[in-house]
Amino acid sequence: SQKIEQNSEALNIQEGKTATLTCNYTNYSPAYLQWYRQDPGRGPVFLLLIRENEKEKRKERLKVTFDTTLKQSLFHITASQPADSATYLCALDAGGTSYGKLTFGQGTILTVHP
Amino acid sequence: EAQVTQNPRYLITVTGKKLTVTCSQNMNHEYMSWYRQDPGLGLRQIYYSMNVEVTDKGDVPEGYKVSRKEKRNFPLILESPSPNQTSLYFCASSPLRQGSYEQYFGPGTRLTVT
């Protein structure tokens with residue numbers, strides 16, 4: 001069956017360091033993968049999308065990589081700040097005849113300590 | 001302001017009393033979706049709609065109904081709510097067919113079924 005795993009339930013880092021979050025998947029052939037940020041009690045907010053034919057995408061301090069051979073995406077926040085503390089979710093579209101059917105990982109709670 | 005709105009934001013009801021949670025978006029998005037979020041289970045898709053009059057089941061459709069009669073609205077109907085439907089519900093929309101896939105989430109509806 002299709003499965004998405006975000007390896008770390010929680011990640012604690014010091015301010016200024018790079019946070020690296022992992023999203024692994026099995027039995028998917030996704031056309032794209034998305035990353036979202038969610039603050040407590042609020043809806044997720046879209047951050048980045050990377051397509052299957054892209055290796056890397058950047059946006060300001062954020063970087064996403066996508067390795068379809070390893071079936072893995074890495075999400076990096078460089079020069080992290082306490083304001084980056086939140087839950088980060090990856091999401092995949094099932095593709096094919098189930099295009100539009102989205103599955104989210106369980107999320108990684110990132111805490112950046114001053 | 002471009003947004004997804006949900007009503008009500010909070011609802012406490014009793015088992016078996018039919019209820020509707022409304023969702024509306026003002027961005028002319030083709031795609032809309034409902035999710036529920038539970039501790040330990042993450043964000044799970046209930047139903048999604050690729051366009052007017054087109055709806056499909058997500059991962060957890062049991063006990064829910066949806067309709068998409070107009071592009072902007074996508075109500076979630078619980079015909080006979082049960083306590084296991086106590087959850088935080090999110091509606092989302094996306095300009096999926098315009099080549100852009102990010103989802104815009106509403107503020108959430110916290111439902112308690114006693």
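First the proteins, then the strands, lettered A, B, ... as listed; each starts at 1.
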Contacting region of B/D59 [heavy-atom separation from chain A under 4.5 Å]:
both

Check whether any side-chain heavy atom of A/L47 lies under 4.5 Å from a side-chain heavy atom of A/R37, and answer yes or no.
yes

Which atoms of A/Q38 come close to chain B, meaning under 4.5 Å heavy atom to heavy atom: side chain ones, backbone ones, both, or neither?
side chain

So which part of B/Y35 gets closer than 4.5 Å to some heavy atom of chain A, the side chain, the backbone, both or neither?
side chain

Do A/W35 and A/L92 sit in the same hydrophobic cluster, where Ile, Leu, Val, Met, Phe, Trp and Tyr count as joined when their side-chain heavy atoms come under 4.5 Å apart?
yes

On the 0 to 90° scale, with breaks at 30° and 60°, tag the A/F104-A/Y36 ring pair as parallel, tilted or perpendicular.
tilted

Contact leader toward chain A among B/S49, B/C91, B/G40, where contacts are heavy-atom pairs under 4.5 Å
B/G40

Indicate the ring-plane relationship of A/Y88 and A/F75, choosing parallel, tilted or perpendicular according to the 30° and 60° boundaries.
tilted

